[in-house]
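Residue numbering restarts at 1 for every chain, and letters A, B, ... go by the order of the sequence lines.
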Amino acid sequence: MKVITWNVNSVRQRLARVIALLNRHEPDVLCLQEIKVTDDAFPLMEVTAAGYQCVTHGQKAYNGVAILAREPLHDVSLGFRGDPVPEEARVVSATVGDLRVVNAYVVNGKSTTDPAYQIKLRWLDALADWLATMAGPLLVMGDFNVAPTDLDVYDPALWHGQNLASEPERERIRRLESLGLIDLARAHAGDTPGPYTYWDYRAGAFHKGWGLRIDLMLGSADVAARLVSVEVDREERKPTAGEGKPSDHAPLILTLRD
DNA sequence: ATGTCACTTTACAAGTGA
């Protein structure tokens, strides 16, 4: 089984790349974040023509998440109980086969001195409270806007204490792990830095290797036991002829034994 | 730190969010 998570930074701008990704990797499940469209504006025809069903939790201009799958999506849920900012479309979940899939776009936080940072911490607290109530095979993935450890930032000294790498945020990720969820990319990579999933558009960050690992896949133990690999499709972060500009995030690809 | 991008608006440039 193959599962992909990708922050597309506008599904309308990235549609050709999304369809190409589906054709190239043929994932069973694709979770998208920052689709930046309302549900009625989601490119349903194109996704359907590619052979995928989908559920969307969209929003105008900002945020918005979607799950695409080849098999039917059951028990769809939009948002989550206890969300401090329920007006923002950041979570969608559904069951595929016997796997519960949670797709999340975590509050960015802007900077540790911004009020949005405190909302981010409360949001992650509420997400953990909600996930703690779940049972059975579980895969929580998406743009967490947190680099869990210093292995996950290109320059730990520069990023020390900053938004995306600060200790309170990292504590929230450890709380998710304390629920029994396993950081699958880290489990696969061991002590090797990265794999990075995000590079700022500015300053030629991708070319310079200034990456962060802020897109995560967290699996329950029964899911982690099936882990084959977790890879980043770095080609998607490069300009591609005919498919438009890249997102600032690259897709994270999980393969599980069936 | 900053070689950017995508969104919106009683739009045609500027502010916002990332």
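- Leu30(A) and Met1(A) fall into different hydrophobic clusters, where Ile, Leu, Val, Met, Phe, Trp and Tyr residues are linked whenever their side-chain heavy atoms come under 4.5 Å apart, directly or through other members.
- In this structure, Tyr105(A) reaches the sugar-phosphate backbone alone: every heavy-atom distance under 4.0 Å involves primed, P, OP1 or OP2 atoms, never a base.
- Residues Arg257(A) and Leu227(A) share a closest heavy-atom pair of NH2-O, 3.6 Å.
- Extent of DNA chain B lying under 4.0 Å from chain A heavy atoms, first and last nucleotide in 5' to 3' order, is dA1(B) to dA18(B).
- Looking at heavy atoms from C-beta onward, Trp159(A) lies out of side-chain contact with Asn163(A) at the 4.5 angstrom threshold.
- DNA chain B is contacted by both Gly109(A) and Asn9(A); Asn9(A) maps to the nucleotide lying nearer its 5′ end (nearest heavy atom per residue).
- For dA18(B) and dA11(B), the P atoms lie 25 Å apart once the distance is rounded to whole Å.
- The residue from Asn145(A), Asn103(A), Asp143(A) that alone fulfils the side-chain hydrogen bond (donor to acceptor under 3.5 Å, both in side chains) condition with Gln33(A) is Asn103(A).
- Nearer to the 5' terminus of DNA chain B, by closest-nucleotide assignment, is the contact made by Ser10(A) (compared with the other of Asn63(A) and Ser10(A)).
- Within 4.0 Å (heavy atoms only), Trp159(A) reaches at least one base atom of the nucleic acid.
- Using cut-offs of 30° and 60° on the angle between ring planes, the pair Trp199(A) and Phe206(A) is perpendicular.
- Closest of all the heavy-atom pairs between Met141(A) and Val101(A) is CE-CG1, 3.7 Å.
- When the P atom is compared between dT8(B) and dC12(B), the two are found 16 Å apart, to the nearest whole Å.
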Can you give the dot-bracket line for DNA chain B, using ( ) for pairs inside the strand, [ ] for pairs that cross earlier ones, | for pairs with another strand and . for unpaired bases, where Watson-Crick and G-U count if both distances are under 3.5 Å? ...((((((...))))))
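- Only the P atoms considered, dA6(B) is 25 Å distant from dA1(B), to the nearest whole Å.
- Distance check: Arg70(A) CZ to Gln53(A) CD gives 12.0 Å after rounding to the nearest 0.5 Å.
- The side-chain heavy atoms of Leu21(A) and Ile4(A), taken from C-beta on, include a pair separated by under 4.5 Å.
- Using C1' as the reference atom, dT10(B) and dA14(B) are 15 Å apart when rounded to the nearest Å.
- Not less than 6.0 angstrom separates the ring centroid of Tyr105(A) from the ring centroid of Trp123(A).
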